[in-house]
Amino acid sequence: MIKRRKKIIRPRLSVNIAGMELRNPVMPASGTFGYGEEYAPYLDLNSLGAIVTKGLSLHPKAGNRTPRICETVSGMLNAIGLQNVGVDVFIKHKMPFLEQFDTPVIVNFFGNTQDEYAAVAERLDAISGVRALEMNISCPNVKHGGIVFGTDPKAISSVVRQVRKKTSKPLIVKLTPNVTDIQVTAKAAEDAGADALSLINTLTGMSVDVKTRRPRLANTIGGLSGPAIRPIAVRLVHQVVQAVSIPVIGIGGITRAMDALEFLIVGAKAVQVGTANFVDPHAMATILNELEDFCLAEGIDDINDLIGSLEV
Amino acid sequence: MIKRRKKIIRPRLSVNIAGMELRNPVMPASGTFGYGEEYAPYLDLNSLGAIVTKGLSLHPKAGNRTPRICETVSGMLNAIGLQNVGVDVFIKHKMPFLEQFDTPVIVNFFGNTQDEYAAVAERLDAISGVRALEMNISCPNVKHGGIVFGTDPKAISSVVRQVRKKTSKPLIVKLTPNVTDIQVTAKAAEDAGADALSLINTLTGMSVDVKTRRPRLANTIGGLSGPAIRPIAVRLVHQVVQAVSIPVIGIGGITRAMDALEFLIVGAKAVQVGTANFVDPHAMATILNELEDFCLAEGIDDINDLIGSLEV
Amino acid sequence: MKNHKTIVLSNQEISPGYYRMRILAPDYNKLARPGQFVMFRVQRSLPPLLRRPFGIFRVGFMPADCDTMPPKEFIEIIYKVVGSGTEIMQGLHYGDPVELLGPLGQGFEFGEADEEKILVGGGIGLVPLYMLAEKMIDHSKVRLLMGGRTRDDIITVTEFERLGVETYVSTEDGSLGEAGLVTQVLEKKLQENNQVSVYACGPMPMIEAVEKICSAHRTPLQVSLEALMACGVGACLGCVVKGAGHTQEQPSYLCTCKVGPVFHARQLAWGSDDDAAASDCGVCR
Amino acid sequence: MKNHKTIVLSNQEISPGYYRMRILAPDYNKLARPGQFVMFRVQRSLPPLLRRPFGIFRVGFMPADCDTMPPKEFIEIIYKVVGSGTEIMQGLHYGDPVELLGPLGQGFEFGEADEEKILVGGGIGLVPLYMLAEKMIDHSKVRLLMGGRTRDDIITVTEFERLGVETYVSTEDGSLGEAGLVTQVLEKKLQENNQVSVYACGPMPMIEAVEKICSAHRTPLQVSLEALMACGVGACLGCVVKGAGHTQEQPSYLCTCKVGPVFHARQLAWGSDDDAAASDCGVCR
Ligand SMILES: Cc1cc2nc3c(=O)[nH]c(=O)nc-3n(C[C@H](O)[C@H](O)[C@H](O)COP(=O)(O)OP(=O)(O)OC[C@H]3O[C@@H](n4cnc5c(N)ncnc54)[C@H](O)[C@@H]3O)c2cc1C
Ligand SMILES: Cc1cc2nc3c(=O)[nH]c(=O)nc-3n(C[C@H](O)[C@H](O)[C@H](O)COP(=O)(O)OP(=O)(O)OC[C@H]3O[C@@H](n4cnc5c(N)ncnc54)[C@H](O)[C@@H]3O)c2cc1C
Ligand SMILES: Cc1cc2nc3c(=O)[nH]c(=O)nc-3n(C[C@H](O)[C@H](O)[C@H](O)COP(=O)(O)O)c2cc1C
Ligand SMILES: Cc1cc2nc3c(=O)[nH]c(=O)nc-3n(C[C@H](O)[C@H](O)[C@H](O)COP(=O)(O)O)c2cc1C
Ligand code: FES
Ligand code: FES
């Protein structure tokens, strides 16, 4: 046997999104990783591309009644109701923990009125440890009959514009998949000043307990996530990448590197891992290892060469 | 042991949809059961509530290039491209087979222009063996920039109205799930004269072969079906039932009676079974047996007592 | 708190529909406290998607395969087959690869030494009480009141007796022990002596009845609750129960996985008519 | 054409990554024709969702478990582990419940008696040729040209030889038989004698090369194709290949599951530059 001399060069995994240099394109999806500390015993937070927090609102939010979750075929429904400690408690009690790490902190936030969105953004803008904001627009606009902001291009335009004024940090707008034409909502967000887009949030779903004849969720309707939704998410990311020129972060049913690669190949610059964290707290670490192995096997030196490399 | 004397009364499974008395609420979904003859060796077609044919167009249609299908997590993508023999060949060569059975034949059809829809409906209206029409509106309107008829309430209204004039048979309009607000499209179809609605058609999805970096379907994008989509379908049926007063047929990921029951409980009067036929050609027979068992176990004499019995 | 990729050591049906599984689990003898649980998963099996929570029945050591090796550490869980996940578990054998996330949650507090302890277990709710009894039996008198629907639901009572726990068994259909509810026995015991601590785990209606009795007698009570769980570590917020003082206006939700699964009764909201604790979630058996 | 709920009789690795599975299959001895296939599924297993198509390697009888019972009918399939479905199959044992839909599709036509037959098999493509050889060997001289990448891909050649089939083996890396492509051997044979019938099954590039050679020599050719299949019975239209005379304007698509999987070469469109037959579907190995 000849002794191999070739030095194995580790592929470059870092990506740049809206001016942020991330050490790799893998980060958790909001609401599936708590405030970071919950998974710190299981995963080196310094190995991630970024940390994305649970969605925050101006005031603490108690969330929905139980049951709040149920398993479906290769997926789960949740109607947590955006329970969170509120932006102030977050800044005071959760940020210090996150600041220990050398990983960009992306704070997810939402509101039920434009002003609430703007107010949260403004507070977060003042916090140096917050590297970027991710704006969840899958919330009902209570001032407009409860229509979800993210399904109405005009509402998107208006709320993103207002938030944009309040922060100079990178602003990621997180799109809802429950729309007829995602290219329209994506463009509305881009035009209103988003620096990047992330998608998809959960698909609206429902499940019934046929014995009791009651919905399995107290809230009747919830958000579907997990591997079941991946083909829909890949399609939507593919469509959005073609419609906008800002970077896109792909989300939806990612459990392995192979899944993440689908999103990267259609053009996502990074991915978020959600439900898979529940199934396996090491999921993101495994994905990162597998991504590196894939690049080595395929002779890819820089993951950026892979991004958007779809051949149609 | 005491000999049981109590006569077991079989529950009544028959339902009435738009004036059609169906012996039970279970029928195949269009495009997953060919023209009936493909599954006749495996299943007694006289045991079904109805037979629903592959979608027909005015002229024969060759369909898309291959690959046309691929498996996803608990689902499949298809981009068959509506390959069909055309309405005339169907009437001449496929109807005679179907007329042998004592089961209502529902013919699914589509067009790429309003006039095509109307022309197919007119021909089918003349055929006595055709019991009802199911109108697939998930097709691009070539005269209007290829926007899918079923995503635009105005287009729905217009095309359903025109078809309505051409047929006095029960007209079922099959809705696409790829819309922001299904209640709007459902009402548009109802107001334009639909006698019943069926939903859901497939969700648009995509999958990528990460080794070749090509889409797994030659058509890039395809329709997602199978158990993965069931929670989305149940939610949409739930919403439509609340918005319209015509009967609704539930479709999406049904493989067992428990699945069918979710749709019936939220208010569907019947269900269609699609992808599950591929997995198990006896699927509908099994579902019917299980439905009867469920009614017996729960003391339900008439399946109509179950329909819409959701407790919120 | 770790995720162990490990293997099944044994898996046996101990009563119709109830299985006892032994799993190789390094460090659990040191780490696990009575009342804690694990999130269990069969490696590479999908479905089910999510992990399943199970209380730790006991921890222990067994001889290694050869003399030069240290003894093998294991945990045992006892589960009832109720749905898709437990059906798959039923079919596992020695060597099958599984994953354990744990030990998770807060365990029981042991209370005063010498004071009498009453454990109330309903069906599978007995599981977390065994380790608790093991720890307390040296300092306190421990009684177990064990209830179930039929005698099939009465499991591992001999194990408790072997520890020296005085056990009372009742079944609803009278097929084993006294006919009736275990709560009737508790009521009698507390009338005799309320200077005890009570620990309860079982179906929600039982737990609620136990709470009523204990609060009437001002007897301290710890309960172990079940809730639907996705993550088991406090990240998803799926598993919450209502905390004491919860109102519509000032809601207070506690994570069963993190603050619980063992709660002091005083931490929780009881008897509110809508969705008190997890009682209306249809998952409490 | 029936769906059998049946069981695995045996399942053995016969070469690295290749397995041979025997399945209890009543009536298949009477019904199955060489070239037909089954849609296979593990009962109650999800994933995978869809059934998997496999050619029938052979049919047979084995002694019953006791004298008073009729012998057991079986089929054998040979499969290569390539993805999620075949990985699960790999782990099956005697008694595991499986389902067979079949026998499906059109088989081979046997051609003239006495005329020489050349079977060309590439890797796993050998499978459907065995039953064909069995049927033809009494009336015709049968040769097998068997190719593969390495010697691991050369399977069941001894079985063919035992039938009396003259076999030539070549591997691309020369690890077994001659080094080179099996098509080079075919070319030589047809130059010697083109009054033969050729039957081919294997990866699409091999089949296309065989077609070129046969059409040059005007030798009749039947090919067995693979395609992605959902239903196997002609209902989903997922498995089509382009028929002879297919054009963009006048497309002609034939179902591999129903019109095939065995086609006369003249039924198909060859060498069209876009997606000739199923060649660009990335599934033909
Ligand atoms: C802290 C804790 C400890 C538990 N300890 C035990 C134990 O020692 N022995 C035992 O038999 N069971 C125990 N359970 C209940 C056990 O988790 C469920 O019986 C099991 O998850 C059912 O899974 P399944 O797939 O068979 O049922 P399915 O009904 O198919 O499960 C569907 C979903 O509901 C959840 N679910 C169903 N029933 C319950 C339940 N009672 N509690 C929580 N989630 C449920 C499942 O986890 C899954 O997410 C415990 C639950 C909790 C929360
Ligand atoms: C008529 C026919 C006969 C066949 N006979 C044999 C045989 O005797 N031995 C054998 O090893 N293989 C045979 N194949 C190929 C076999 O069906 C695939 O190897 C198998 O389906 C792969 O399944 P998987 O889940 O392991 O792979 P995956 O790649 O995970 O499968 C994903 C999907 O692609 C399909 N697929 C993948 N590869 C193929 C392929 N080559 N052909 C068709 N569909 C594919 C699967 O059925 C599934 O739907 C045959 C195919 C056909 C159409
Ligand atoms: C339990 C749960 C809670 C979530 N909470 C939030 C949230 O607070 N804000 C948000 O933008 N998205 C939230 N999401 C959506 C996820 O971030 C993600 O978009 C979605 O789950 C799809 O990804 P997945 O399939 O990988 O889970 C939540 C999802 C789950 C399952
Ligand atoms: C292969 C395939 C072909 C289909 N063809 C049609 C069609 O011709 N017309 C139509 O209205 N729907 C068609 N559909 C959609 C189904 O009728 C059904 O709405 C969808 O598959 C969801 O149901 P399922 O999850 O039970 O499969 C097709 C679906 C599949 C999988
Ligand atoms: S189970 Fe996720 S927070 Fe408790
Ligand atoms: S596999 Fe469905 S038509 Fe051939």
Side-chain angles (χ1 to χ4, degrees), chain B residues 28 30-43 53-55 60-85 209 211-212 214-218 222 225-228 253 255 274-283 285, chain D residues 1-5 39 41-53 83-85 99 101-102 104 225-243 246-258 272 274-284:
Chain B
S30 175
T32 66
F33 206 65
Y35 302 104
E37 57 198 12
E38 289 81 357
Y39 280 106
Y42 305 101
L43 197 71
T53 68
K54 174 75 191 157
K61 214 164 173 292
N64 289 332
R65 300 199 314 147
T66 56
R68 291 177 168 186
I69 54 173
C70 86
E71 181 163 325
T72 61
V73 181
S74 299
M76 65 176 280
L77 287 168
N78 90 79
I80 304 301
L82 295 169
Q83 175 178 341
N84 78 93
V85 297
D209 183 330
K211 290 270 167 66
T212 63
R214 298 174 63 159
R216 284 188 192 276
L217 298 176
S225 63
T255 65
T275 304
N277 295 313
F278 303 154
V279 179
D280 179 4
H282 301 155
Chain D
M1 292 196 301
K2 231 193 105 182
N3 186 42
H4 284 87
K5 299 204 176 201
M39 292 293 280
R41 177 187 179 217
V42 183
Q43 275 184 49
R44 290 186 300 265
S45 172
L46 177 87
L49 178 67
L50 299 174
R51 290 182 184 235
R52 301 299 192 236
S84 60
E99 285 181 45
L101 184 65
L104 297 170
L225 297 186
E226 292 184 358
L228 289 164
M229 292 185 173
C231 72
V233 301
C236 74
L237 307 179
C239 66
V240 295
V241 287
K242 290 182 179 167
H246 172 98
T247 60
Q248 288 287 84
E249 298 72 38
Q250 288 275 328
S252 149
Y253 281 119
L254 310 174
C255 278
T256 304
C257 69
K258 239 191 154 174
S272 67
D274 50 357
D275 59 339
S279 65
D280 73 343
C281 69
V283 302
C284 303

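A, B, ... follow the sequence lines: proteins, then strands. Residue 1 opens every chain.
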J.: D/Met39 versus chain B, heavy atoms under 4.5 Å apart: side chain, backbone, both or neither?
T.: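 Neither the backbone nor the side chain of D/Met39 comes within 4.5 Å of chain B.
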J.: If I take atom CG from residue B/Asn78 and atom SG from residue D/Cys236, how far apart are they, to the nearest 0.5 angstrom?
T.: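 The SG atom of D/Cys236 is 8.5 Å from CG of B/Asn78, to the nearest 0.5 Å.
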J.: Which heavy atom of D/Arg41 sits nearest a heavy atom of B/Asp280, and at what distance?
T.: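 So the minimum-distance heavy-atom pair works out to NH1-CB, 4.1 Å.
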J.: Which atoms of B/Thr255 are under 4.5 Å from chain D, going by heavy atoms: the side chain, the backbone, both sets, or neither?
T.: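 Neither part.
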J.: Of the non-hydrogen atoms in D/Leu49 and B/Pro227, which two are nearest, and what is the gap between them?
T.: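 In this case the closest contact between D/Leu49 and B/Pro227 is CD1-CD, 3.8 Å.
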J.: For chain B, find which of D/Gly234, D/Ala230, D/Gly232, D/Pro251 contributes the most heavy-atom pairs closer than 4.5 angstrom.
T.: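 Top option by heavy-atom pairs under 4.5 Å: D/Ala230.
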J.: Given heavy-atom pairs under 4.5 angstrom as the criterion, report whether the side chain, backbone, both or neither of B/Thr32 touches chain D.
T.: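 Contact with chain D is through the backbone of B/Thr32 alone.
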J.: Using non-hydrogen atoms and a 4.5 Å limit, figure out which bit of B/Lys54 sits close to chain D: side chain, backbone, both or neither.
T.: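 Just its side chain gets close to chain D.
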J.: So which atom in B/Arg68 and which in D/Leu237 form the shortest heavy-atom distance, rounded to 0.1 Å?
T.: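 It is NH1-O, 2.8 Å.
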J.: How far apart are the closest heavy atoms of B/Pro281 and D/Asn3, and which atoms are they?
T.: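 Looks like CG-CB, 4.5 Å.
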J.: At what distance, to the nearest 0.5 angstrom, does NE2 of B/His282 lie from CD of D/Glu99?
T.: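 It is 8.5 Å, given to the nearest 0.5 Å.
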J.: Any side-chain heavy-atom pair from D/Pro48 and B/Glu71 closer than 4.5 angstrom?
T.: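 D/Pro48 reaches B/Glu71 side chain to side chain.
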J.: Kindly give the heavy-atom pair with the smallest separation between D/Tyr253 and B/Arg65, and that separation in Å.
T.: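 So the minimum-distance heavy-atom pair works out to OH-CA, 3.4 Å.
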J.: Which one, D/Gly238, D/Ser252, D/Pro47, D/Cys239, leads in non-hydrogen pairs under 4.5 Å with chain B?
T.: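 Among D/Gly238, D/Ser252, D/Pro47, D/Cys239, the one with the most close pairs to chain B is D/Gly238.
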J.: A side-chain contact here means heavy atoms from C-beta on lying under 4.5 Å apart; do B/Thr66 and D/Val241 qualify?
T.: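 Side-chain contact under 4.5 Å: no.
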J.: Can you tell which part of B/Phe33 gets under 4.5 Å to a heavy atom of chain D, answering side chain, backbone, both or neither?
T.: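 Answer is backbone: N, CA, C or O of B/Phe33 sit under 4.5 Å from chain D.
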J.: Is it the side chain or the backbone of B/Tyr35 that comes within 4.5 Å of chain D heavy atoms, both, or neither?
T.: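 For B/Tyr35, no heavy atom lies under 4.5 Å from chain D.
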